[in-house]
K.L.:
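First, the structure itself, so that you have it in front of you.
What you see is a predicted model; the values in this text were computed from it and never measured.
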Amino acid sequence: MSFDVDVSVRRAGRDIAVQFASDARVVALFGASGVGKTSTLEMIAGLLQPDRGHITIAGKTLFDKEAGINLLPEQRACGYVFQDGRLFPHLTVRDNLLYGWKLAPEHRRSLALDVAVGFLGIEHLLHRMPRTLSGGEAQRVAIGRTLLAGPRFLLMDEPLSSLDASRRDGIMRLIERIRDELSIPIIYVSHDRAEVERLAGCVIELD
Amino acid sequence: MDFLSADEWAVVALSLKVSGVAIMLVLPVSFAIAWVLERTRLPGKIFLDALVHLPLVLPPVVTGWGLLLLFGNNGPAGRFLADMLGITLMFRWTGAALAAGVMALPLMVRAIRLSLEGIDQRFEVAARTLGASRWKTFRSITLPLAMPGVLAALVLGFARSIGEFGATITFVSNVPEETRTLPLAIYTALQVPGGESTVTRLALVSIALSLAALVASEWLVRRGRQGESGHVL
């Protein structure tokens with residue numbers, strides 16, 4: 001089982017409960033804004049502690065309230081691709097890409113910098129600063145930074161939402177290649193049904 | 001150098017030493033206080049905030065008197081330093097550095113706190129998900145992003161220390177070659193008939209140092225702002 005998630009949390013006076021188990025390579029969390037999609041990803045990444053439940057991904061338990069397991073974010077090896085890229089503004093593209101790679105243990109460094117850079121088509125950006133990149137370029141670099149950190153699974157939080165239509169297709173094709181060629185389990189969050197249907201083998205609708 | 005006499009150069013050198021030591025000693029304290037005020041939910045934070053800012057609004061003589069009570073030969077902190085570490089502050093340049101540091105503290109805390117406030121904490125979250133521990137995140141993300149504010153704090157603190165007078169003269173008196181920094185030397189020269197030329201020269205040095213510090217501080221703040229554009233997509 002790739003994903004076995006059953007958690008709930010009370011946040012800002014509202015209960016958010018999510019439960020799903022799936023073997024699909026891509027699970028999509030689908031729903032309108034404010035239903036708790038990002039909170040769910042934050043619980044999986046260890047950035048928000050659930051009130052109850054458990055999270056097991058690719059055979060590893062990340063959180064189990066009853067068993068007293070709650071791994072720190074840096075121990076979970078989750079590749080979180082944020083809606084807004086979040087490239088570190090004081091580092092070059094190259095240093096951004098290598099940030100997680102340098103921290104990863106040897107056995108998780110499955111991707112080399114030149115391979116990742118070729119895969120993403122960002123060779124020409126390596127010495128640029130993040131503020132000089134377009135939205136699409138920045139999102140490619142953000143995805144590359146995440147892949148190079150050797151994640152056991154990916155969390156993608158509406159990675160296309162801040163891009164214009166012409167850039168979206170390029171990033172979408174890139175995500176499809178990650179799904180097909182790198183075989184990393186992905187939880188993909190979106191409020192766009194077409195995106196979700198194109199990518200995911202399993203769609204969880206939140207309301 | 002003909003512009004200043006040897007004695008006047010000694011005053012400038014002493015001032016630079018006192019201010020340099022003061023801000024280097026106060027920097028980690030300022031950072032820690034700024035961090036507590038900006039990033040923690042410590043109960044009673046408002047009182048810590050008020051206490052830190054007290055030297056900014058109190059008459060400096062009162063701050064000096066407070067230092068005298070605390071760090072004087074009979075003060076609890078003064079006795080501790082003398083007994084445990086063999087450090088005496090009274091009538092010494094080290095005491096002048098302490099007075100200058102205390103007076104610079106509020107400005108330094110403010111500058112660092114502003115820069116911490118300006119850091120988008122989403123970068124720190126991103127670093128954690130990429131495998132960085134809290135400490136690594138602090139060193140590799142928070143500290144570099146706060147650096148323009150830290151440098152601005154150093155420059156402002158230095159400028160404040162160079163100009164420090166009231167707390168210093170109250171706490172460690174006006175001892176030549178020991179606690180007689182630029183403002184105290186100017187004050188002393190003003191009391192002496194024919195001291196006007198010394199006053200003018202030392203005043204010009206003070207103005208030059210203060211102006212340079214303010215320009216450097218403004219430049220650092222602007223540079224910091226430029227670095228912030230490009231946070232997100």
Side-chain angles (χ1 to χ4, degrees), chain A residues 41-42 44-48 72-91 95-105 108 128-139 141-142 145-151 154-155 157 159-164 167, chain B residues 27 31 34-35 38-41 111-155 216-217 219-233:
Chain A
L41 290 194
E42 286 177 352
I44 295 170
L47 304 171
L48 173 67
L72 292 169
E74 62 267 30
Q75 295 169 330
R76 298 192 179 202
C78 80
Y80 202 139
V81 178
F82 300 93
Q83 202 172 344
D84 50 9
R86 302 193 193 181
L87 297 179
F88 304 130
H90 59 301
L91 301 179
D95 289 339
N96 262 283
L97 287 168
L98 288 173
Y99 186 89
W101 186 85
K102 287 178 181 167
L103 295 167
R108 286 220 328 264
R128 301 252 299 265
M129 295 305 282
R131 64 176 172 272
T132 67
L133 303 180
S134 71
E137 288 171 339
Q139 198 56 287
V141 175
R145 181 178 68 173
T146 303
L147 291 176
L148 278 161
L154 291 177
L155 303 174
D157 189 1
L160 310 185
S161 66
S162 53
L163 305 179
D164 55 48
R167 310 243 181 231
Chain B
L27 180 66
F31 200 101
W35 183 273
E38 188 54 40
R39 292 290 183 93
T40 67
R41 294 181 183 179
I112 296 171
R113 192 178 174 184
L114 275 175
S115 78
L116 286 176
E117 190 184 87
I119 294 175
D120 191 334
Q121 291 185 43
R122 292 178 302 170
F123 295 129
E124 294 165 355
V125 168
R128 296 295 300 281
T129 67
L130 287 164
S133 62
R134 279 180 199 277
W135 175 237
K136 171 74 184 171
T137 302
F138 175 77
R139 279 187 301 138
S140 61
I141 306 297
T142 316
L143 203 52
L145 290 177
M147 202 42 83
V150 170
L151 293 176
L154 282 172
V155 173
S217 161
W219 180 74
L220 287 167
V221 168
R222 284 189 191 182
R223 213 176 131 219
R225 280 195 200 126
Q226 276 169 14
E228 280 161 21
S229 58
H231 271 176
V232 290
L233 287 176

K.L.:
Does anything in residues 135-150 of chain B form a side chain to side chain donor-acceptor pair (under 3.5 Å)? List the pairs, not counting sequence neighbours.
P.N.:
A:Tyr99-B:Ser140, B:Glu124-B:Thr142

K.L.:
If you count heavy-atom pairs within less than 4.5 Å of chain B, which of A:Gly46, A:Ala45, A:Ala77, A:Pro73 leads?
P.N.:
A:Pro73

K.L.:
I'd like to check the salt bridge (charged side-chain N to carboxylate O under 4.0 Å, His left out) partners of A:Arg76; sequence neighbours left out, ordered by chain and number.
P.N.:
none

K.L.:
A:Phe88 and B:Phe123: which non-hydrogen atoms are nearest, and at how many Å?
P.N.:
CE2-O, 3.2 Å

K.L.:
Could you tell me the separation between the OG1 atom of B:Thr129 and the CG atom of A:Leu41, rounded to the nearest 0.5 Å?
P.N.:
11.5 Å

K.L.:
If you compare all heavy atoms of A:Glu74 against all heavy atoms of B:Arg134, which two are closest, and at what distance to 0.1 Å?
P.N.:
OE2-N, 4.2 Å

K.L.:
Considering non-hydrogen atoms only, spot the tightest contact between B:Gly131 and A:Leu103 and give its length.
P.N.:
C-CD1, 3.8 Å

K.L.:
Rounded to the nearest 0.5 Å, what's the gap from NZ on A:Lys102 to CG on B:Leu130? Could you check?
P.N.:
13.0 Å

